[in-house]
Amino acid sequence: MSTHPPDLLDGLNDAQAEAVITTEGPLLIVAGPGSGKTRVVTHRIAYLVRESSVSPYRIAAVTFTNKAAREMRDRIQGLQVPDADSVFAGTFHAFCARLLRRYGEGVGLDSNYTIYDADDQLGLIKQSMQLADVDEKRNPPRAIQGVISRAKSLLMDSVGLAKRAQIEDDFQAEIAARVYHHYEELLGRSNAVDFDDLLMRAVQLLQENLDVREDYHRRYHYLMVDEFQDTNIAQYRLARLLTGPDQNICVVGDPDQSIYSWRNADIRNILSFQQDYPDARTIALEQNYRSSRNILDTASALIANNGMRVEKELVTEKTAGADVVVHEAYSAVEEAEFVVKQIKDLKNREKISLGDCAVMYRINAQSRILERACSDHDLKYRLVGGTQFYRRREVRDVLAFLFVLRNPQDDVNLERAIKTSSRGIGDKTLQGIVRWSLGQHITVLEGIKRISLAKAAGLPCPAPLASRAYTAVSRFGELMIRMEDLRDKLPISRLIKVLVDEAGLEAYIRSVDTNPEERMENLYELIASAEEKETGSPEDDMRDFLEYASLQSDVDTYDDTEDALTLITLHQAKGLEFPVVFIVGLEEGLLPHSRSMDSNEELEEERRLCYVGITRAQERLYLLRAFQRAMYGRSSSTLPSRFLDEIPQKLLTYASAPGARTVQTVSHRTSFDRSLTTWDRGSSVEEPAGPEYVPSVGDQVKHVKFGQGEVVQCERWGSDYEVSVCFDGGELRRLLLSFAGLEKVQG
DNA sequence: CATTGTAAAGTTTTT
DNA sequence: CTTTACAATG
């Protein structure tokens with residue numbers, strides 16, 4: 001420990017310093033991107049501990065994502081806060097999970113409860129729909145799931161939703177309420193909660209139970225909420241309930257970076273805060289320390305197009321910096337190639353390393369092509385997110401057993417465990433057991449165990465089962481009995497090993513799967529990540545590990561030590577910064593996403609998302625789009641994103657792809673210019689300015705670059721045509737007529 | 001019951 | 001293109 005700790009106010013401007021030292025009473029910090037928001041929060045925590053002698057144990061900093069929480073923990077530690085580990089820094093969900101683990105009985109939850117993820121949730125909702133006699137064809141389960149989730153985020157139970165549906169005459173909500181009712185029951189029977197429940201039931205508990213609430217008030221004296229613009233009603237209520245008599249609550253947010261309304265986040269919480277805490281100080285941080293002026297101007301110009309917005313000016317003392325580069329590639333593949341080439345160039349010409357660069361995209365599916373380009377050109381990359389580790393099939397299968405071992409009521413995971421590998425227990429047998437167990441007033445697992453005990457004693461099957469099923473079920477029961485016996489004896493990693501072995505998972509994976517090596521690798525990684533968290537008590541370790549696996553979508557194995565390019569979704573990029581940022585796929589339908597284009601609210605959120613991406617860049621920003629993009633394997637032409645139009649042209653430079661085929665650069669240039677100036681995006685009806693020449697199969701055509709060839713296929717594409725041409729050189733190409741500049745050759 | 005095949009459907013973003 | 005759903009078969 002240093003004897004000369006860094007002055008915690010060093011390097012802060014007046015507004016930041018004020019935010020740090022205003023430690024008493026409610027505080028609202030509205031902070032633009034790059035204004036040192038996290039810095040303020042972490043310094044504030046450090047200030048509280050080091051200067052105001054607040055015990056770190058009394059401070060809770062809640063964030064929205066695990067990544068933000070980890071970042072916060074790391075930075076507090078870096079500020080030489082004594083006993084920094086005692087500060088709670090975690091997500092709302094993690095906070096609630098702990099609260100319920102401890103006090104859950106108050107709302108009818110056994111402390112071994114299971115947390116169901118979105119897939120489990122959907123499965124239960126489908127079951128509930130059957131019980132409620134709701135037709136899945138007419139009512140998509142996902143839609144019902146959405147309605148229920150929204151209700152929960154507004155702290156409404158099924159009765160509340162039913163009432164509201166009636167008042168508002170909302171037919172869909174009425175149906176959802178019926179499903180919701182059964183869903184609640186199924187969750188309760190399984191001693192399980194979903195993500196929304198974590199929040200809702202924690203609120204319920206704190207609201208109804210004064211003792212618990214006061215307990216928390218005694219425990220936490222200072223509460224900080226990061227990314228406040230992304231909180232939903234339940235989270236906001238929770239924050240209010242946790243605020244003790246001193247009202248030491250500090251929230252930090254930026255309305256322009258609100259990108260989670262689809263998860264029911266509600267920006268209005270910022271307004272509510274000012275109403276609920278009339279004494280709150282409000283501090284605005286508008287100075288940007290991150291981006292060059294060109295980048296900042298680009299961001300400001302874009303976000304200015306949002307109607308629902310409190311205007312805020314971003315200031316910087318930085319110089320204009322490099323131009324923002326716009327490039328239209330021909331296809332997604334060439335878009336990726338362009339990125340890779342640029343990065344290689346930057347690496348050679350400037351002093352920029354791979355780790356300084358990030359590629360951001362709207363949807364995870366876009367990462368594949370980028371990954372491909374990276375590995376083709378030997379660029380090291382780090383994929384953030386992607387298919388989340390703890391949700392991989394083989395991993396979930398193993399976890400299913402563990403969940404059941406911990407919570408014997410967890411029928412969802414029990415069913416999953418049974419179905420992993422063929423054990424001769426099908427739907428019919430399972431249904432028989434479930435019904436019989438229900439009749440006996442025992443859990444399904446207990447039923448299975450009794451069946452296997454009966455078998456071992458040579459008795460006839462107590463449940464109505466065929467003899468083959470009897471054997472199969474009892475074998476599974478024996479397995480579970482053996483595993484239960486080991487549950488508290490073996491360290492969790494050993495337990496998983498034994499489980500993989502005894503449950504025949506390896507054999508199953510090797511016999512069935514197309515890529516068994518990768519699957520097994522994942523299982524080894526699971527074991528390793530369990531081992532990492534072992535402390536000595538198998539019981540506690542299991543609890544912690546399962547909680548971790550439920551709430552953490554990915555393993556924290558990215559090491560920043562390795563110099564690698566970051567591939568990341570725009571959502572996940574929030575809170576990060578990079579010297580060089582590429583945003584790919586700036587196309588209508590992708591960014592903004594087609595599913596967010598029918599309402600203005602959603603569209604503005606897309607714009608904010610783009611804004612978040614742009615403001616991640618420190619020195620260089622590249623905005624890319626592909627003229628042709630494949631969706632579901634089918635390739636089609638795209639329109640440039642309206643967001644590109646919204647940026648003043650004087651801030652942008654159009655790049656031609658280094659090394660790209662000339663013809664494509666030329667063709668994209670024309671298409672781009674045209675689309676920017678004359679295409680009317682207000683209506684989807686394209687102008688009949690289509691090609692004058694209507695091609696047909698067998699035609700001889702000529703192309704500027706590829707020469708002469710024969711049309712072998714021709715399809716209408718809106719007002720355009722997609723033609724496949726077999727050129728005389730033997731090359732087969734698919735081209736869009738209006739951009740390929742094909743000419744018919746008489747012959 | 002499980003395996004195999006074919007058909008259809010679907011992909012926003014995260015806890 | 002990839003994953004899931006469902007039907008038919010052994």
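Each chain gets a letter, A, B and so on, in the order the sequences are listed, and its residues count up from 1.
Ring geometry for Phe88(A) versus Tyr220(A): interplanar angle over 60°, hence perpendicular rather than tilted (30 to 60°).
Inter-residue side-chain proximity for Tyr361(A) and Ser367(A) is flagged as met; some heavy-atom pair is nearer than 4.5 Å.
Atom-to-atom, CD1 of Ile259(A) to P of dT14(B) comes out at 9 Å; the value is rounded to the nearest Å. Atom pair Asp196(A):CG and dT15(B):C1' shows a separation of 9 Å (rounding to whole Å applied). Per the geometry, CD1 belonging to Ile363(A) stands 14 Å off P belonging to dT2(C), to the nearest Å. When rounded to the nearest whole Å, the span between NZ of Lys137(A) and P of dA9(B) equals 9 Å. Arg393(A) places its CZ atom 7 Å from the P atom of dT4(C), with the value rounded to the nearest Å. Atom CZ in Arg595(A) sits roughly 11 Å away from atom C1' in dT13(B) (whole-Å rounding). The distance from atom CE of Met631(A) to atom C1' of dA9(B) is 14 Å, rounded to the nearest whole Å. Taking atom CG on Leu199(A) and atom C1' on dT14(B), their separation rounds to 13 Å, with Å as the unit.
Backbone-only engagement by Phe64(A) is indicated by non-hydrogen atom pairs under 4.0 Å involving sugar-phosphate atoms exclusively. When heavy atoms are screened at a 4.0 angstrom cut-off, Arg608(A) is found touching no nucleic acid atom at all. Among the atoms of the strands shown, only primed sugar atoms or phosphate atoms (P, OP1, OP2) are found under 4.0 Å from some heavy atom of Lys126(A). Here Ile425(A) lies in heavy-atom contact (under 4.0 Å) with sugar-phosphate atoms only.
Inspection of the Asn232(A) and Tyr260(A) side chains reveals no N or O donor paired with an N or O acceptor under 3.5 Å. Side-chain atoms of Glu605(A) and Ser261(A) include a donor-acceptor pair closer than 3.5 Å.
For Ser596(A) and Arg391(A), each mapped to the nucleotide of DNA chain B holding its nearest heavy atom, the one lying further toward the 5' end belongs to Ser596(A). The 5' end of DNA chain B is approached more closely, in terms of each residue's nearest nucleotide, by His593(A) than by the other of His593(A) and Ser550(A).
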Would you give me the side-chain donor-acceptor pairs under 3.5 Å for residues 468-476 of chain A, sequence neighbours excluded?
unit_1: Tyr470(A); atom_1: OH; unit_2: Lys455(A); atom_2: N; d: 3.0
unit_1: Tyr470(A); atom_1: OH; unit_2: Leu459(A); atom_2: O; d: 2.8
unit_1: Thr471(A); atom_1: OG1; unit_2: Lys455(A); atom_2: NZ; d: 3.4
unit_1: Thr471(A); atom_1: OG1; unit_2: Ser467(A); atom_2: O; d: 3.1
unit_1: Ser474(A); atom_1: OG; unit_2: Tyr470(A); atom_2: O; d: 3.1
unit_1: Ser474(A); atom_1: OG; unit_2: Thr471(A); atom_2: O; d: 2.9

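Put simply, Tyr260(A) does not rest on the base of dT14(B): the two rings are not both less than 5.5 Å apart at their centres and under 30° in tilt.
Comparing dT14(B), dT2(C), dT15(B) by their closest approach to the side chain of Arg368(A) singles out dT2(C).
In this structure, Asn364(A) reaches the dT14(B) phosphate: one of its side-chain N or O atoms is under 4.0 Å from OP1 or OP2. Phosphate proximity of dT14(B) to Gln572(A): present, with a side-chain N or O under 4.0 Å from OP1 or OP2.
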